[in-house]
Protein chains: 2
Amino acid sequence: MSKVKLKDVAEKAGVSKSTVSQYLNKRYEFMGKETRKRIEKVIEDLRYQPNEVARSLKIKKTNTIGVIVANILHPFSTYVSRGVEDYCQQRGYNVILCNADNDSNKEKSYIEMLQMKQVDGIIIAATGKNNDLIYREREKGFPIVLFDRYFDDVEVDMVLSDNYQGAFQAVEHLIKMGHKNIALVAPEGHLLSMRKLRIDGYYGALKKYNIPIDESYVKFVTTENLTNQLNDLFRQDHVPTAVFTVNDLMTIEVLTYLKENNIKVPDEMAVVVFDDLPMASLLEAPLTVVAQPTYEIGTTSARMLIERIESKVKPKHEQKILPCQLIVRQSCGFRKNAEANENIPALNA
Amino acid sequence: MSKVKLKDVAEKAGVSKSTVSQYLNKRYEFMGKETRKRIEKVIEDLRYQPNEVARSLKIKKTNTIGVIVANILHPFSTYVSRGVEDYCQQRGYNVILCNADNDSNKEKSYIEMLQMKQVDGIIIAATGKNNDLIYREREKGFPIVLFDRYFDDVEVDMVLSDNYQGAFQAVEHLIKMGHKNIALVAPEGHLLSMRKLRIDGYYGALKKYNIPIDESYVKFVTTENLTNQLNDLFRQDHVPTAVFTVNDLMTIEVLTYLKENNIKVPDEMAVVVFDDLPMASLLEAPLTVVAQPTYEIGTTSARMLIERIESKVKPKHEQKILPCQLIVRQSCGFRKNAEANENIPALNA
DNA sequence: AAACGTTACTAAAACGATTTAGTAATAACT
DNA sequence: AGTTATTACTAAATCGTTTTAGTAACGTTT
């Protein structure tokens, strides 16, 4: 029982394949009203479904895009994906989702695979190790949008959230709550550009308020040295009164550490973190977070990509920076009557 | 600057298209060693990438499968997807991910779209309103695997987790901790089969231990009547001492309610929930949960689907039921020295 | 009545691969 | 020497669409 194809419809309706094809493409002006009805009926009866693969081959367009995320288990990727999906669905595109796992080989092979599949474009949170490939494709006119990571050596469309501003705001808020001894916990290793901006935001806020930088408050941790580093941080002579964590992995580690060591948030330690977490509001002390506009990053990337795909010009690349939002809950030591502090002038300025 | 195609490679290498094609399909026995080297080099030089769309058309196989989940924002879907992705990647398949949002129209149009795209098979958490369609496709020999939801009217491969056992265990655990007044919170509305099993598990455990059923402890809530229902539940004369929530949405609502009303978990109210949550261990009282084997549901579904795709026989449908796992943390009122209770015999039996 | 436009179609050539059937040249066997 | 096998290829058909160029029939101008 093989699939019914255009030819079958044509034969049963007593017309040529061309006419059926015109019908499928809604160019009804090329056929009589009778014929049109007839074709319609036959398609219905036969439950005919056009073969998109054949169509794609002919028209050289698949109406499919590829999305390469770091890890679909990560809420950030998940929300971005959903944004992409929703926007694409509405514009008639499908999305092939790929997990690169921050592995540049996997990333490369996904890019190549997607191209062999003739996707119309790619949205990618790039590792940064395939920039040459990406740049080359871009030069050939292949639509690509980068998100989440910034690379100034590759001229391509990007959509980012304002990491500096977000981090700055978070730390500024802590300062306005009266904190001066503010720690930073970040993952070690070659600093992915965006993470660097968050660290810069931390320094920037301290600087603005003339708070001297204490390097013993700045910890770059790895999975191995994590406990040691946190011990160093929280068990030194003059412990910080607040911590800022630059991503949700760090957040979970720090929170776990504090819980295990019975350090009360926010009374003994205020916490402000980068990236909202689904359950952030149900924690013992609901977390104050700087939330990225994840869903919008997705829709915006998709919009930019589809624009590129559908307009056949190749304009200069575009960068879109979306603002982050500080969501004040309780882990920063917020208390009802502390609201007034929000408007105090810079402390030492 | 158009793409380089098979023909270009053939010309430059001075052979026919057929030979290049044989090369691409690794049938090296059909060409001389010289020729083989030459083709290899030309492909390298030209950066030739085969067009998978053309290939798919010819061989009638896309090496792509479709996955339709309820909502990618939901951790359950996310972990399943990841399982599917990982398994497929390793077997050389790609996955198109779709969100049906529990909307049967969306679901239907996704199924149709995926078929037009000629995917080799579909993995789907079905809404249950397109069972006729699914059954028809299955009959035609189109590979489909259902997961997460059980329908006895459709003869198709399924992979499920043992919802009854999971719920039973959760409630049994509560009973073993000494609770007798155990409430159930579930979403109202036509009971999706799996959810029903969880409810049955609740009743089953009560029955086994001869605990009389108090219907005022069983609440089916909607978004509208939520607060009223929870008020009824927690403010009645003899309040329950424990609650079991059947999914994570309910969990969040109940936890939020308890927090707002300052009811302490687990001292004033023990809580055991269905579905693990990413931050469950960081909550004020780390949650005791029954966790579904989400990742395995994904890999198993993918494995079953690919088996169906690659063996061209159509055996009787298969149902795989994976066990859930009770993860005891603290919200159930667990205390170090309560462990002994685990082994007491059924209380009233 | 010749010329031109419309209307309602169709035949055939793509799209870029795979595959089948065939062939020419050489080697091996009887 | 004649037959058969093997090696190393190629030509052409095919997959299921879209699209271009063409045409036959009829109506409308001039």
Side-chain angles (χ1 to χ4, degrees), chain A residues 1-40 42-43 46-64 112-120, chain B residues 1-40 42-43 46-64 112-120:
Chain A
M1 178 162 151
S2 77
K3 275 197 182 152
V4 15
K5 54 187 87 157
L6 187 62
K7 192 170 148 243
D8 304 322
V9 176
E11 277 166 13
K12 186 148 185 215
V15 293
S16 73
K17 295 194 292 166
S18 327
T19 305
V20 179
S21 175
Q22 300 290 19
Y23 173 89
L24 292 175
N25 291 283
K26 302 197 200 311
R27 288 186 284 258
Y28 304 126
E29 64 274 25
F30 294 130
M31 70 203 73
K33 200 160 186 187
E34 295 286 281
T35 318
R36 177 178 156 182
K37 294 269 183 208
R38 200 147 22 91
I39 295 175
E40 194 166 358
V42 173
I43 287 180
L46 260 39
R47 292 182 195 280
Y48 168 68
Q49 290 184 309
N51 181 326
E52 276 292 325
V53 171
R55 177 159 209 269
S56 294
L57 173 61
K58 182 64 201 187
I59 66 175
K60 291 163 177 280
K61 184 152 192 300
T62 52
N63 282 298
T64 301
E112 286 168 353
M113 177 275 286
L114 288 169
Q115 295 209 288
M116 300 205 310
K117 278 215 145 47
Q118 313 299 118
V119 294
D120 298 334
Chain B
M1 178 163 150
S2 78
K3 276 196 181 151
V4 14
K5 54 187 87 156
L6 187 62
K7 192 170 147 242
D8 304 321
V9 176
E11 277 167 13
K12 186 146 184 216
V15 293
S16 73
K17 295 195 291 168
S18 327
T19 305
V20 180
S21 176
Q22 300 290 18
Y23 173 89
L24 290 176
N25 291 283
K26 303 196 201 309
R27 289 186 283 257
Y28 304 127
E29 64 273 26
F30 295 130
M31 70 203 73
K33 202 160 185 189
E34 295 286 280
T35 319
R36 177 177 157 184
K37 295 269 184 208
R38 202 146 23 90
I39 295 175
E40 193 166 359
V42 173
I43 287 180
L46 260 37
R47 295 182 193 280
Y48 168 69
Q49 291 184 308
N51 181 326
E52 275 292 326
V53 171
R55 178 159 208 270
S56 295
L57 174 60
K58 181 64 203 188
I59 66 176
K60 291 164 178 282
K61 181 147 193 302
T62 52
N63 282 297
T64 301
E112 286 170 352
M113 178 275 287
L114 288 170
Q115 296 209 286
M116 301 205 308
K117 278 216 144 49
Q118 313 297 119
V119 295
D120 298 334

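Looking at B:Y23 and B:V42, their side chains never come closer than 4.5 Å, going by heavy atoms from C-beta outward. Side-chain contact between B:L46 and B:K12 is present, with at least one heavy-atom pair separated by less than 4.5 Å. Between A:M31 and A:I39, some side-chain heavy-atom pair lies under the 4.5 Å cut-off. Counting heavy atoms from C-beta on, the side chains of B:K17 and B:V20 never come closer than 4.5 Å.
The CD-P distance, from A:E11 to C:dT10, rounds to 12 Å in whole Å. Between the OH atom of A:Y23 and the C1' atom of D:dG16 there is a distance of 19 Å, given to the nearest Å. Here C:dT6 presents its P atom at 13 Å from CZ of A:F30, a figure rounded to the nearest Å.
Summary of helix geometry: the two end axes of the helix from C:dA1-D:dT30 to C:dT30-D:dA1, each defined by five base pairs via their C1' atoms, are inclined to each other by 50° (rounded to 10°).
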I need a per-nucleotide contact map over nucleotides 15-27 of chain C, read 5' to 3'. Cutoff is protein heavy atoms under 4.0 Å; write B for the base, S for backbone only, - otherwise. BBBBB--------

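In plain terms, the two heavy atoms of A:P50 and B:Q118 that are nearest each other are O-OE1, 4.3 Å.
To the nearest 0.5 Å, atoms CD (B:Q49) and NZ (A:K117) are separated by 12.5 Å.
Across all strands shown, B:S56 has no heavy atoms under 4.0 Å from either base or sugar-phosphate atoms.
Checking A:R55 against A:N25 by side-chain atom types alone, a donor-acceptor pair falls below 3.5 Å.
Crowding of B:E29 atom CD: a count of heavy atoms from other residues, nucleotides or ligands under 6.0 Å exceeding 12.
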